[in-house]
Amino acid sequence: MAAQQTRARPRVWVSRPLFDDMTDRLREYFDVQAETEDHAWTAAQVGEKLRDMHGAVLGVSDPVDARAIAQAPRLRVLANTAVGYDNLDLAALTAAGIVATNTPDVLNEAVADFAWALLLAAARRVGEGERYLRAGRWQGSSFHLLLGGEVHGRTLGILGMGRIGQAIARRAIGFRMPVIYHNRSRLEATVERECNARYASRDELLRNADYLVLVLPLTPANRHAIGTAELALMKPTATLVNIARGGIVDDAALAAALSEGRLAAAGLDVFENEPALYARLPTLDNVVLTPHIASASLDTRRAMAGVAVDNLIAALGFGAHAGRPPNVLNPEALQTSA
Ligand code: 8YV
């Protein structure tokens, strides 16, 4: 400890309110500048904040571009509080020898739970029912009130079968739903068996799924992976669920399909231009909308924050894993910065 106090303390920026005990852990090692309110930071603002920092804990919508990296000569690590990292220019970080980390695994189950929450809510018209009641429109029982789609026994399709996709699939066993999936690479037979899931081509998945859940990372190749052409392949009775990233779905094409009866319903936690919504979406009754909260159970968010803090402390050479942060996205940078 004494040795640590004589060393110049690295400077760390925490871009959003975290949990106080986690910020306090950072303060044991670093001079911490922690934001006390959420901001929708622009890339230029993030760049300004990072200028004199050695490290930062970032939120998933805090953009870091090549320009910000070029003007932050001391920067050694960015710890994202998310499994996704499409907010980071990873190539530029790597070229500059700056380590980037994420928070995989700890959120798998919470996000899978939430995918089911959206699937069920969209299929069984939970949002519409609540709006109907709150508007004082319920005049008594009606046999035909808010008839929804059947869930149990129908086919669940999963596009992107990583650890979160697999957690979603395992839950389908209780609903006795056949599961088909498409992924860049096919899963091992033992994992397919455990998930009760069958590999399908992308087209077969789109054509046959009654419920299609998207669990893809946002990459240039995945932008608008679901657009007009893909929606046209889907059953008009199908429901789409996106808990992955905005931009994977063409929101305008989706809104058109939903309003023209070419798709039954959708459950969306993520949007193309967050926090703005494509204007037509909230006017539609057959879509359930939530503000990017799939991982937002208290325990999971605490676990994510803890992982991000551990990564940052380790990357700056402190703590039990000094020099070996557990969740490095660009190991090449770790070699450069070592
Ligand atoms: C967000 C997510 O991190 O992990 C991800 O990639 O998108 C989420 O878990 C979380 O919602 C905080 O913004």
Side-chain angles (χ1 to χ4, degrees), residues 13-19 22-23 34-43 45-46 49 56-64 77-90 93 100-118 158-168 213-220 222-223 225-226 241-249 251 267-277 288-312 325-330:
W13 179 49
V14 181
S15 72
R16 289 166 190 277
L18 215 54
F19 294 95
M22 310 267 174
T23 317
E35 300 297 330
T36 53
E37 283 176 20
D38 279 299
H39 295 275
W41 299 111
T42 63
Q45 289 170 323
V46 171
K49 291 284 184 180
V57 178
L58 297 178
V60 73
S61 55
D62 302 332
V64 178
V77 54
L78 295 178
N80 240 21
T81 48
V83 65
Y85 49 89
D86 45 280
N87 57 316
L88 305 178
D89 184 337
L90 201 59
L93 287 170
T101 65
N102 69 342
T103 64
D105 294 328
V106 289
L107 43 59
N108 297 348
E109 301 298 326
V111 172
D113 289 346
F114 198 81
W116 277 93
L118 278 183
I158 302 177
L159 184 56
M161 195 66 158
R163 286 159 293 199
I164 296 174
Q166 292 166 34
I168 293 169
V213 183
L214 307 177
V215 206
L216 301 168
L218 179 63
T219 60
N222 288 342
R223 182 165 290 283
I226 301 293
V241 174
N242 188 4
I243 41 88
R245 271 296 176 277
I248 291 172
V249 175
D251 285 351
L268 306 175
D269 187 48
V270 286
F271 306 91
E272 266 193 278
N273 296 305
E274 293 175 19
L277 295 184
V288 177
L289 306 166
T290 52
H292 203 146
I293 54 170
S295 66
S297 71
L298 177 59
D299 288 355
T300 293
R301 282 288 166 86
R302 281 191 58 80
M304 291 165 71
V307 169
V309 164
D310 285 347
N311 278 321
L312 184 114
N327 308 110
V328 179
L329 294 165
N330 53 351

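As the structure lists them, so they are numbered: ligands from 1, and atoms in each ligand from 1. In this text the structure is predicted, and so the values were computed from the model without any measurement.
- A donor-acceptor pair under 3.5 Å links the side-chain atoms of Gln166 to the main chain of Met161, judged by distance alone.
- Which parts of ligand 1 touch Thr81 is read off a 4.0 Å heavy-atom cut-off, strictly below it: atoms 3 (O).
- Asp89 places no side-chain N or O within donor-acceptor distance of the main-chain N or O of Val64, the cut-off being under 3.5 Å.
- For the residue pair Asn311 and Asn327, a side-chain donor N or O sits within less than 3.5 Å of a side-chain acceptor on the partner.
- Between the side chains of His292 and Glu274, at least one donor N or O sits under 3.5 Å from an acceptor N or O.
- Checked for salt-bridge contact, Glu37 and Arg16 miss the test: no charged N lies under 4.0 Å from a carboxylate O.
- Atom CG of Asp269 and atom CZ of Arg245 lie 9.5 Å apart (nearest 0.5 Å).
- With a heavy-atom cut-off of 4.0 Å, Ser295 touches ligand 1 through its side chain alone.
- No N or O atom of Met304 sits closer than 3.5 Å to an N or O atom of ligand 1.
- Comparing His292, Arg245, Arg16 against atom 6 (O) of ligand 1, the shortest heavy-atom distance belongs to Arg245.
- Of all the atoms in ligand 1, the ones that sit under 4.0 Å from a non-hydrogen atom of Gly84 are 4 (O), 5 (C), 6 (O).
- Among protein heavy atoms, atom 13 (O) of ligand 1 sits closest to Val60 CG1, 3.3 Å.
- Only side-chain heavy atoms of Leu107 come within less than 4.0 Å of ligand 1; its backbone N, CA, C and O stay farther off.
- At the shortest separation from atom 10 (C) of ligand 1 among protein heavy atoms lies Arg301 NH2, 3.0 Å.
- In summary, the atoms of ligand 1 found under 4.0 Å from a heavy atom of Ala82, numbered by their order in the structure, are 3 (O), 4 (O), 5 (C), 6 (O).
- Considering backbone and side-chain atoms together, Val83 places an N or O closer than 3.5 Å to an N or O of ligand 1.
- Taking 4.5 Å as the limit, some side-chain heavy atom of Asn80 sits within range of a side-chain heavy atom of Leu88.
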